[in-house]
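Below is one structure, written out as structure tokens; the observations come after it.
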Number of protein chains: 2
Amino acid sequence: MPRASAPRFTRMTSEDRRAQLMDVALAGLARGGIQEFTVDRICQAAGVSRGLILHHFGSMGGLLAAVYARLYRETTPNLASLPTNARLEALIEGTFAPKAFNRDTLNAWVALWGQIANTPKLREEHRRQYAAYVEDVSAAIAALSSTPGGALEARPLAKALICLIDGLCLQHCLDPAAMPAETAKAACGAFLAPHLG
Amino acid sequence: MPRASAPRFTRMTSEDRRAQLMDVALAGLARGGIQEFTVDRICQAAGVSRGLILHHFGSMGGLLAAVYARLYRETTPNLASLPTNARLEALIEGTFAPKAFNRDTLNAWVALWGQIANTPKLREEHRRQYAAYVEDVSAAIAALSSTPGGALEARPLAKALICLIDGLCLQHCLDPAAMPAETAKAACGAFLAPHLG
DNA sequence: GCCAATACTATACGATCATTCAGCAAGGAT
DNA sequence: ATCCTTGCTGAATGATCGTATAGTATTGGC
């Protein structure tokens, strides 16, 4: 009767299991910061044994970098599919939508920021994503620039806007009531108004 | 011959020892982030035994809150002693001076941000300091406001400026070359120009 | 129905974590 | 010169950390 009992565990495709572990790790970061990002807690929450993280990600640093990429992809507005003159508004709307602009999600971001300087794989991932982000925002701004030569200003303006957004996110994370989404959106609007038509 | 050997340790006043431990802990945060913030590393670097942190701070959370207060006091420009119409410029100059706007110092800030959500004592300390900070910056802005009724706008403008500053600091910390001090200062100038006389 | 590839388990390992606590010792007060 | 306050030591505790590894079990392809 070797087939009488159910399988002790289920095999997933490598891709699916990686996704599951990233989601569980992300939920931990959102809930309790970097203290929750441990082999024990993640594997227990995912219902798998301790060896699986190493098997799929090589190290905890590898998982952390993968989580960063996943969080970026899930919460950063995708502008590529939109007409260029609609992108800037979509960026602002998407950034401060409840899906992205909430305490838990931002908690995960802040926790990741704190690890970038000390986790080589994560730093690489961040620089790659950040460069693409600046490109996207620059293009969105340039498309709405009032002056023809405004394209020259789009890049520094994009960087400053990104910094403002990051700061607003940080503030909301540390004290949500002190920086609600509407206030944050208004701050971005006031920042951009003088530079656009 | 009980007096032949030198004292095994030197006693400090409680205040001096606390200051030393805060400095050592801060240096660790600046160098290696929150991973360096452990009893063993701090006490070994300070040349004291492991029991001393509990003796002076009650817990690691207590030390972390004290370190936050110390970092704030050491790197945030003190505006109170200046005439009101000189405070805003002093804020910008001081914020982006090498003493405050450098990778190590900002690394400590980012590491602390990552702990605020999960360390009650640190969160209290942050909210207290942040409230005072908003007051100071609001007053500095109001003093230069072009319109008489501009005082009504000073508070949200101050909050937005603080967010921009935080974002610029974060960016410099994660990739110093991508956000030099001059660029950061210019971004603040561009942000404020439309609102001031 | 068997085989081979590999997802997965489970334990062991050495290091490190924060906190506790009983008592030593330094140095100003008397 | 002795006392007393208290800064300080250092070992013990029990939990938890990331990584390594030997081997089991599942599942798709044959």
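Numbers restart at 1 for each chain; the letters A, B, ... are given by sequence-line order, proteins then strands.
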May I ask you to say what [X] touches in the nucleic acid, namely base, sugar-phosphate or nothing, with a heavy-atom cut-off under 4.0 Å?
{"X": "Thr10(A)", "value": "sugar-phosphate"}
{"X": "Thr13(B)", "value": "nothing"}
{"X": "Phe9(B)", "value": "base"}
{"X": "Arg41(A)", "value": "sugar-phosphate"}
{"X": "Phe57(A)", "value": "nothing"}

### Message
Just N and O in the side chain of His55(B): are any of them under 4.0 Å from OP1 or OP2 of dC8(D)?
### Response
no
Could you work out which one of [options] sits closest to the side chain of [X]?
{"X": "Ser59(B)", "options": "dT16(C), dC8(D), dT19(C)", "answer": "dT19(C)"}
{"X": "Ser49(B)", "options": "dC8(D), dA20(D), dG18(D)", "answer": "dC8(D)"}
{"X": "Met60(B)", "options": "dT26(D), dT19(C), dC8(C)", "answer": "dT19(C)"}
{"X": "Val48(A)", "options": "dT9(C), dC8(C), dC17(C)", "answer": "dT9(C)"}
{"X": "Arg17(A)", "options": "dT9(D), dC8(C), dT16(C)", "answer": "dC8(C)"}

### Task
Drop me the distance from Ile42(A)'s CD1 to Met22(A)'s CE, to the nearest 0.5 angstrom.
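One gets 12.0 Å once the value is rounded to the nearest 0.5 Å.
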### Task
Please check if the distance between the ring centroids of Tyr68(A) and Trp109(A) is under 6.0 Å.
yes
Keeping the roles fixed (side chain from [X], backbone from [Y]), state whether a donor-acceptor pair exists under 3.5 Å.
{"X": "Arg41(A)", "Y": "Glu36(A)", "answer": "no"}
{"X": "Asn102(A)", "Y": "Lys99(A)", "answer": "yes"}
{"X": "Thr119(B)", "Y": "Leu122(B)", "answer": "no"}
{"X": "Arg18(B)", "Y": "His56(B)", "answer": "yes"}

Whole-Å distance separating the [atom1] atom of [X] from the [atom2] atom of [N]:
{"X": "Arg8(A)", "N": "dA7(C)", "atom1": "CZ", "atom2": "C1'", "result": "13 Å"}
{"X": "Gln20(B)", "N": "dC8(D)", "atom1": "CD", "atom2": "C1'", "result": "12 Å"}
{"X": "Met12(B)", "N": "dG7(D)", "atom1": "CE", "atom2": "P", "result": "13 Å"}
{"X": "Ile53(B)", "N": "dT20(C)", "atom1": "CD1", "atom2": "P", "result": "13 Å"}
{"X": "Leu52(A)", "N": "dG18(D)", "atom1": "CG", "atom2": "P", "result": "15 Å"}
{"X": "Asp16(A)", "N": "dT27(D)", "atom1": "CG", "atom2": "P", "result": "13 Å"}
{"X": "Asp40(A)", "N": "dA12(C)", "atom1": "CG", "atom2": "P", "result": "15 Å"}
{"X": "Leu54(A)", "N": "dT11(C)", "atom1": "CG", "atom2": "C1'", "result": "14 Å"}

### Query
Hey, is the side chain of Arg50(B) pairing donor to acceptor with the base of dT19(C) inside 3.5 Å?
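Looking at the base of dT19(C), it does pair with a donor or acceptor on the side chain of Arg50(B) (distance under 3.5 Å).
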### Query
Looking at dT6(D), does its base get a donor-acceptor pair with the side chain of Arg11(B) below 3.5 Å?
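Check passes, donor-acceptor contact within cut-off.
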